[in-house]
Visitor: 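I have a structure I would like to understand better, so I am pasting it below and will then ask my questions one at a time.
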Amino acid sequence: NVDDTDTMARFYWHLINFYSNNGQKEEALTLLRQLESLLPNVSPALQTSHFYIRLGRYYNNLNDPVQSLNHLETAVSLAKTEESSTPACQAQMMLGLLFHQLQQNESALEHYFKALVIAQENNHQNSIAIAKNNIGLVYSEIGENEQALEYLFEAVAIKQQLNDTLGYLN
């Protein structure tokens, strides 16, 4: 029954959150795998880019970059068919983060710049600030200090315009 499966998937998210937030990564990973086994029975309404971004984020947090990448690529594909641009931006940002963590800086920059373009096209200032911050961090790590400072200062300026001086940039 699809409705029962959708409800079960929602409960899995809560359990995965609990275990992940409490440092019980193996339990969270076990539940993620169980949730994935439900995917063929989950309604299309739940199988959105946001769903796969969340899967990608959890796998990333659990240090499984291959599974994270697979789900984030699915999210990017699904986001192309959705009305809102937010999931596409989030998926690109998560891909940037994943590649950044893997120290694949060129790929990280590629995805952060894609996220930046999407955010700029939709005038989403907070996402613009986050993307610029992340781009600045990568440039800093590869020794491109002038570019790093340029992007980092732009990110701070946007956050100040938003009166979000205490908000997170990444």
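Note that the structure is a prediction, hence the values are computed from the model and not measured. Numbering starts at 1 and runs along the sequence shown.
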Visitor: Using a distance-only test with no angle check, is there a side-chain donor-acceptor pair under 3.5 angstrom linking K25 and N61?
Guide: no
Visitor: Does the pair H124 and I128 meet the rule for a side chain to side chain contact (heavy atoms under 4.5 Å, CB included), with working shown?
Guide: CA-CA 6 Å; H124 192 269; I128 291 169; 5.6 Å; no
Visitor: Under 3.5 Å, is there a donor-acceptor pair linking the side chains of Q103 and N105?
Guide: no
Visitor: Can you tell me how far the CD atom of Q67 sits from the CG atom of L72, to the nearest 0.5 Å?
Guide: 11.0 Å
Visitor: State the CD-OG distance between E27 and S20, to the nearest 0.5 angstrom.
Guide: 11.0 Å
Visitor: Please work out whether the ring planes of H71 and Y59 are parallel, tilted or perpendicular, with thresholds of 30° and 60°.
Guide: parallel
Visitor: For the side chain of T81 and the backbone of S77, is there at least one donor-acceptor N/O pair under 3.5 Å apart?
Guide: no
Visitor: Decide whether I53 and I118 are clustered together by the hydrophobic rule: side chain heavy atoms of Ile, Leu, Val, Met, Phe, Trp, Tyr closer than 4.5 Å, transitively.
Guide: no
Visitor: So which atom in V138 and which in A108 form the shortest heavy-atom distance, rounded to 0.1 Å?
Guide: CG2-CB, 4.3 Å
Visitor: Is there a path of hydrophobic side-chain contacts, each under 4.5 Å between heavy atoms of I, L, V, M, F, W or Y residues, that connects L98 with I142?
Guide: yes
Visitor: Nearest 0.5 Å please: distance from the CG atom of L116 over to the SG atom of C89.
Guide: 8.5 Å
Visitor: Show the nearest heavy-atom pair for residues V76 and A91, with the distance to one decimal.
Guide: CG2-CB, 3.7 Å
Visitor: Can you see which heavy atom on Y112 is nearest to which on A131, and at what distance?
Guide: O-CB, 4.0 Å
Visitor: Got Y52 and N70 here, is their nearest side-chain heavy-atom distance under 4.5 Å?
Guide: no
Visitor: Is there a side-chain contact between N60 and P65 (heavy atoms, below 4.5 Å)?
Guide: no
Visitor: Determine the minimum heavy-atom distance between A155 and N133, stating which atoms define it.
Guide: CB-N, 3.6 Å
Visitor: How about W13 and F18: are their ring centroids closer than 6.0 Å?
Guide: no
Visitor: Should the pair Y139 and Y151 be assigned to parallel (<30°), tilted (30 to 60°) or perpendicular (>60°) ring geometry?
Guide: tilted
Visitor: Quick one: pull up CG in L15 and CG in L32 and give me the separation to the nearest 0.5 Å.
Guide: 11.0 Å
Visitor: Are H100 and E141 side-chain neighbours, meaning at least one heavy-atom pair lies under 4.5 Å?
Guide: yes
Visitor: Identify the two heavy atoms, one from G136 and one from A148, that lie closest to each other, and give their separation to 0.1 Å.
Guide: O-CB, 3.3 Å
Visitor: How long is the straight-line distance from CG of D64 back to CZ of R33, given to the nearest 0.5 Å?
Guide: 6.5 Å
Visitor: Hey, are Y12 and Q34 close enough side-chain-wise for a donor-acceptor pair under 3.5 Å?
Guide: yes
Visitor: CD/Q24 to CG/L62 distance, rounded to the nearest 0.5 angstrom?
Guide: 12.0 Å
Visitor: Where is the tightest heavy-atom contact between I158 and A129, given as atom of each residue plus distance?
Guide: CG2-CB, 3.7 Å
Visitor: Taking V117 as the starting point, is it possible to reach L97 by hopping between hydrophobic residues whose side chains are less than 4.5 Å apart?
Guide: no
Visitor: Do I130 and L149 share a hydrophobic cluster, counting only Ile, Leu, Val, Met, Phe, Trp and Tyr and linking them when any side-chain heavy atoms are less than 4.5 Å apart?
Guide: no
Visitor: Output, in order, the C-alpha distance, side-chain angles, deciding distance and verdict of side-chain hydrogen bond (donor to acceptor under 3.5 Å, both in side chains) for Q125 and N123.
Guide: CA-CA 6 Å; Q125 294 300 306; N123 198 30; 2.6 Å; yes
Visitor: Would you say the side chain of M94 lies within less than 4.5 Å of the side chain of Q90, judging by non-hydrogen atoms?
Guide: no
